[in-house]
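Predicted model, so just to flag it, every value in this text is computed and none were measured. Numbers for residues simply follow the sequence, beginning at 1.
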Amino acid sequence: MKRFFLTTGGLLATMAMLPAQTTGNDAVTEVSKETTLLGMVAAAGWVMIPLALASMITLTLIIYCFFTLTEKSIVTPELLDRIEPFFENEDVEGLAAYVAERPQATARIVDRTLQFLGRHPDADAESIRIVAETEGNRIAASLNQRVLYIMDVGVLSPMLGLFGTVVGILNSFGHIASEASPMRTMLLAGGVSQALVATAAGLTVGITAMAFYAYFRGRVGHLISILESEGTLLVHELILLTKRHRLNRVTTP
């Protein structure tokens with residue numbers, strides 16, 4: 001008989017606990033329904049606006065670098081094939097007219113050097129080389145600057161996310177201090193989880209930007225090496241061409 005009452009009491013206690021467990025599960029389910037991705041992003045606050053802008057800037061820079069940081073922007077086989085006859089025929093005017101219309105970086109170096117020679121026909125080889133190197137350095141700096149913009153966004157995005165998290169946690173503590181609710185722990189946990197969304201978004205943008213920065217940095221180094229090799233050859237041919245012109249002027253009666 002005693003065993004029967006114990007068993008019956010245990011069953012009654014279990015049945016009494018079921019509504020409470022159901023209520024708790026319903027509350028958890030309700031909270032999980034409210035914690036959607038869009039809701040968390042909206043709860044992260046105004047800091048998501050600059051982070052969204054940073055993500056769009058990063059995407060734009062990545063697409064721009066993919067289309068501009070190519071070997072065709074430095075030199076093409078067609079450019080080299082078309083320039084060679086001008087050197088062979090010693091046609092400086094034709095060479096100047098041709099490279100002035102070409103967008104490649106090596107053509108820009110030759111064009112700048114020819115402009116300098118047009119103003120200073122008696123310039124020595126060292127002066128010509130310095131002018132060409134200066135233009136090459138300018139082009140290389142322009143290539144590096146495109147990549148540095150991506151790095152800047154990658155560095156600033158995590159800082160913006162951390163700032164948003166700090167602001168969100170401060171707001172959470174402010175609400176908890178002003179309310180006499182017995183659910184302070186849950187309110188604090190919910191506020192902190194929402195605030196951490198800003199950090200997660202900032203890290204996502206920053207990691208993506210830095211990964212592409214590392215990739216494009218290697219590509220820029222490769223393009224600069226091509227620019228140096230091809231540009232040096234063209235400038236030396238131009239120096240030899242100017243020397244032949246001066247020799248012809250001296251020997252011609």
| query | Does any N or O in the side chain of Ser73 come within less than 3.5 Å of the main-chain N or O of Leu69, such that one atom is a donor and the other an acceptor? | reply | no

| Euclidean distance, Asp152 CG relative to Ile57 CD1, rounded to 0.5 Å | 10.5 Å

| said: As an exercise, state the distance from CD1 of Ile139 to CD of Glu228, rounded to the nearest 0.5 Å. | reply: 11.5 Å

| request: Check whether any side-chain heavy atom of Leu227 lies under 4.5 Å from a side-chain heavy atom of Leu223, and answer yes or no. | output: no

| remark: Scanning both residues in full, the closest heavy-atom pair of Ala96 with Leu114 reads CA-CD1, 3.6 Å

| Is the count of non-hydrogen atoms from other residues, nucleotides or ligands lying under 6.0 Å from Phe163 atom CZ greater than 12? | no

| request: State plainly whether one hydrophobic cluster holds both Val155 and Ile150, where clusters connect Ile, Leu, Val, Met, Phe, Trp and Tyr through side-chain heavy atoms under 4.5 angstrom apart. | output: yes

| query | What is the minimum heavy-atom distance between Ile239 and Ala125, and which atoms define it? | reply | CG2-CB, 3.7 Å

| Does Gln115 have any side-chain hydrogen bond (donor to acceptor under 3.5 Å, both in side chains) partners at least two apart in sequence or in another chain, and if so, which? | Asp111

| Is the CZ atom of Arg129 crowded by more than 12 outside heavy atoms at less than 6.0 Å? | yes

| query | Quick check: does any side chain N or O of Thr208 sit under 3.5 Å from a backbone N or O of Thr204, one acting as donor and the other as acceptor? | reply | yes

| message | List the residues meeting side-chain contact (heavy atoms from CB on, under 4.5 Å) with Asn144, not counting sequence neighbours, and say none if there are none. | response | Val220, Ile224

| said: Please give the remaining members of the hydrophobic cluster of Leu59, linking ILVMFWY side chains under 4.5 Å, ordered by chain and number. | reply: Ile63, Phe67

| query | How far apart are the closest heavy atoms of Ser157 and Gly206, and which atoms are they? | reply | CB-N, 3.9 Å

| request: Report the distance from atom CD of Glu230 to atom OG1 of Thr76, rounding to the nearest 0.5 Å. | output: 10.0 Å

| task | Mind telling me whether Phe66 and Phe216 have parallel, tilted or perpendicular rings, with 30° and 60° as the class edges? | result | perpendicular

| query | Is Ile207 reachable from Leu160 through a run of I, L, V, M, F, W or Y residues, each pair having side-chain heavy atoms under 4.5 Å apart? | reply | no

| message | With a 4.5 Å cut-off on side-chain heavy atoms, are Leu61 and Arg146 touching? | response | no

| task | Show the numbers, then the answer: is there a side-chain hydrogen bond (donor to acceptor under 3.5 Å, both in side chains) between Asn137 and Thr134? | result | CA-CA 5 Å; Asn137 291 333; Thr134 303; 5.5 Å; no

| query | Got a second to check how far Phe212's CZ is from Ile62's CD1, nearest 0.5 Å? | reply | 4.5 Å

| query | Taking all atoms of both residues into account, what is the closest heavy-atom pair of Val99 and Arg108, and its distance? | reply | O-NH2, 2.5 Å

| message | Return the CD1 to CD distance between Ile130 and Glu135, rounded to the nearest 0.5 Å. | response | 14.5 Å

| request: Could you tell me which non-hydrogen atom of Gly136 sits nearest to which non-hydrogen atom of Ile109, and how far apart they are? | output: CA-CD1, 3.9 Å

| If two hydrophobic side chains count as joined below 4.5 Å and joins carry through other members, does Met56 share a cluster with Met210? | yes

| note | Heavy-atom closest pair (Gln104 atom, Leu79 atom, distance to 0.1 Å) is CB-CD2, 3.9 Å

| query | Do Leu95 and Leu238 come close enough that some side-chain heavy atom pair is under 4.5 Å? | reply | yes

| query | Within a radius of less than 6.0 Å around CZ of Phe87, do more than 12 heavy atoms belonging to other residues, nucleotides or ligands occur? | reply | yes

| At what distance, to the nearest 0.5 angstrom, does CE of Met159 lie from OG1 of Thr199? | 13.0 Å

| task | State plainly whether one hydrophobic cluster holds both Leu80 and Tyr98, where clusters connect Ile, Leu, Val, Met, Phe, Trp and Tyr through side-chain heavy atoms under 4.5 angstrom apart. | result | yes

| field | Ion pair Glu78/Arg102, N-O distance below 4.0 Å | value | yes

| said: Are the side chains of Leu148 and Met151 in contact, using a 4.5 Å heavy-atom criterion? | reply: yes

| Transitive ILVMFWY side-chain link Leu233 to Leu240, under 4.5 Å | no

